[in-house]
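This report concerns only the one structure given below.
Quick caveat: nothing in here was measured; it's all calculated off a predicted structure.
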Amino acid sequence: RRRQERNMMKWSRERIESLLVGADLNVPMCDACASVSTLTKFEGDSSVSTRKGGKKFGCFDLRFTVKWTGRAGGVESVEETEEVTGEIKVKEFCSTNDEDEYEYEVTAKDGKSESKALFKAYIEKSVEAVLLPKLRQFCDELKEL
């Protein structure tokens with residue numbers, strides 16, 4: 001029996017979206033929060049191969065971008081609440097790589113420059129703490145399909 005390969009791009013997109021969108025990015029600032037708001041770009045390859053003996057392998061090489069939205073609360077009043085937004089671009093998320101080889105970049109777009117710098121620094125840390133475990137979960141689930 002030859003090996004079989006199933007295209008898993010649709011499932012992968014939906015699963016990564018459901019794992020990441022809404023994820024709290026644990027911004028440790030007083031009166032501030034940030035979370036993943038949408039998955040905007042998703043490309044690459046993802047498949048499950050079944051080899052002789054029924055052993056399954058999840059293979060993927062993905063690139064995707066998620067948007068994040070943060071709020072920094074004003075001390076005085078609601079009017080001072082500031083919204084900061086940006087993106088996390090995952091440039092290389094590949095089944096042949098170890099976690100420390102995944103490539104990503106955090107950008108901050110809207111907001112005051114001071115807030116953007118703070119959010120960017122915190123979110124870079126939370127990619128490892130929050131998003132990598134979710135990507136690990138994706139890897140484990142893909143193998144089981």
Side-chain angles (χ1 to χ4, degrees), residues 1-74 78 81-145:
R1 207 180 120 180
R2 290 192 311 260
R3 72 180 197 150
Q4 292 177 308
E5 193 169 293
R6 284 187 301 155
N7 183 323
M8 299 304 289
M9 278 302 280
K10 184 178 185 296
W11 180 87
S12 297
R13 183 190 174 106
E14 288 168 0
R15 192 62 192 126
I16 283 179
E17 195 165 25
S18 71
L19 285 167
L20 301 188
V21 171
D24 183 352
L25 293 169
N26 290 345
V27 175
M29 293 182 332
C30 182
D31 280 340
C33 62
S35 62
V36 174
S37 54
T38 50
L39 176 68
T40 57
K41 197 172 173 185
F42 191 84
E43 47 193 35
D45 298 296
S46 178
S47 62
V48 171
S49 296
T50 308
R51 305 225 173 119
K52 280 192 301 200
K55 191 162 172 53
K56 287 183 179 180
F57 295 88
C59 304
F60 57 89
D61 183 356
L62 299 169
R63 292 165 301 290
F64 56 90
T65 300
V66 292
K67 286 195 163 144
W68 58 265
T69 305
R71 278 199 172 65
V78 178
T81 303
E82 182 191 359
E83 189 168 87
V84 185
T85 64
E87 292 181 332
I88 301 167
K89 288 182 180 147
V90 178
K91 299 171 172 183
E92 189 162 336
F93 175 48
C94 180
S95 50
T96 55
N97 286 4
D98 291 327
E99 247 172 63
D100 58 5
E101 294 176 303
Y102 297 162
E103 280 181 39
Y104 55 86
E105 175 192 10
V106 176
T107 58
K109 284 190 181 153
D110 303 312
K112 295 178 190 140
S113 56
E114 191 180 311
S115 305
K116 286 196 294 192
L118 274 170
F119 272 98
K120 184 175 185 287
Y122 285 129
I123 288 171
E124 279 170 351
K125 288 196 183 88
S126 54
V127 167
E128 288 187 28
V130 177
L131 298 190
L132 286 186
K134 292 177 183 295
L135 293 179
R136 200 178 307 133
Q137 183 181 339
F138 166 84
C139 298
D140 293 341
E141 289 176 6
L142 181 64
K143 281 181 224 159
E144 301 304 314
L145 292 172

### Query
Could you go step by step and tell me if L142 and W11 meet the side chain to side chain contact (heavy atoms under 4.5 Å, CB included) rule?
CA-CA 9 Å; L142 181 64; W11 180 87; 3.7 Å; yes

Taking the side chain from [X] and the backbone from [Y], do they hold a donor-acceptor pair closer than 3.5 Å?
X	Y	value
S49	F57	no
E82	K112	yes
S37	K67	yes
S95	F60	yes
R15	E141	no
N7	M9	yes
K116	V84	no

Spacing of [X] atom [atom1] and [Y] atom [atom2] [to the nearest 0.5 Å]:
X	Y	atom1	atom2	answer
E124	L25	CD	CG	12.0 Å
I123	L118	CD1	CG	10.5 Å
K91	E103	NZ	CD	7.0 Å
D45	L62	CG	CG	7.5 Å
L131	I88	CG	CD1	5.0 Å
T85	D110	OG1	CG	3.5 Å

So, for [X] and [Y], which heavy atoms are closest and what is the spacing to 0.1 Å?
X	Y	answer
G70	F119	CA-CE2, 3.8 Å
K134	L19	CD-O, 3.1 Å
F42	S12	CZ-C, 3.8 Å
T107	K120	CA-CE, 4.4 Å
K56	L145	NZ-O, 2.5 Å
Y102	N97	CE2-O, 4.0 Å

### Task
Please assess C94 against D61 for the test side chain to side chain contact (heavy atoms under 4.5 Å, CB included), listing each intermediate value before the final yes or no.
CA-CA 4 Å; C94 180; D61 183 356; 4.2 Å; yes

### Task
Look at the aromatic rings of F93 and F64 and report parallel, tilted or perpendicular, splitting at 30° and 60°.
perpendicular

### E128 and Y104 side chains, donor-acceptor separation under 3.5 Å
yes

### Message
Please determine whether the number of non-hydrogen atoms from other residues, nucleotides or ligands lying under 6.0 Å from atom CD of E101 exceeds 12.
### Response
yes

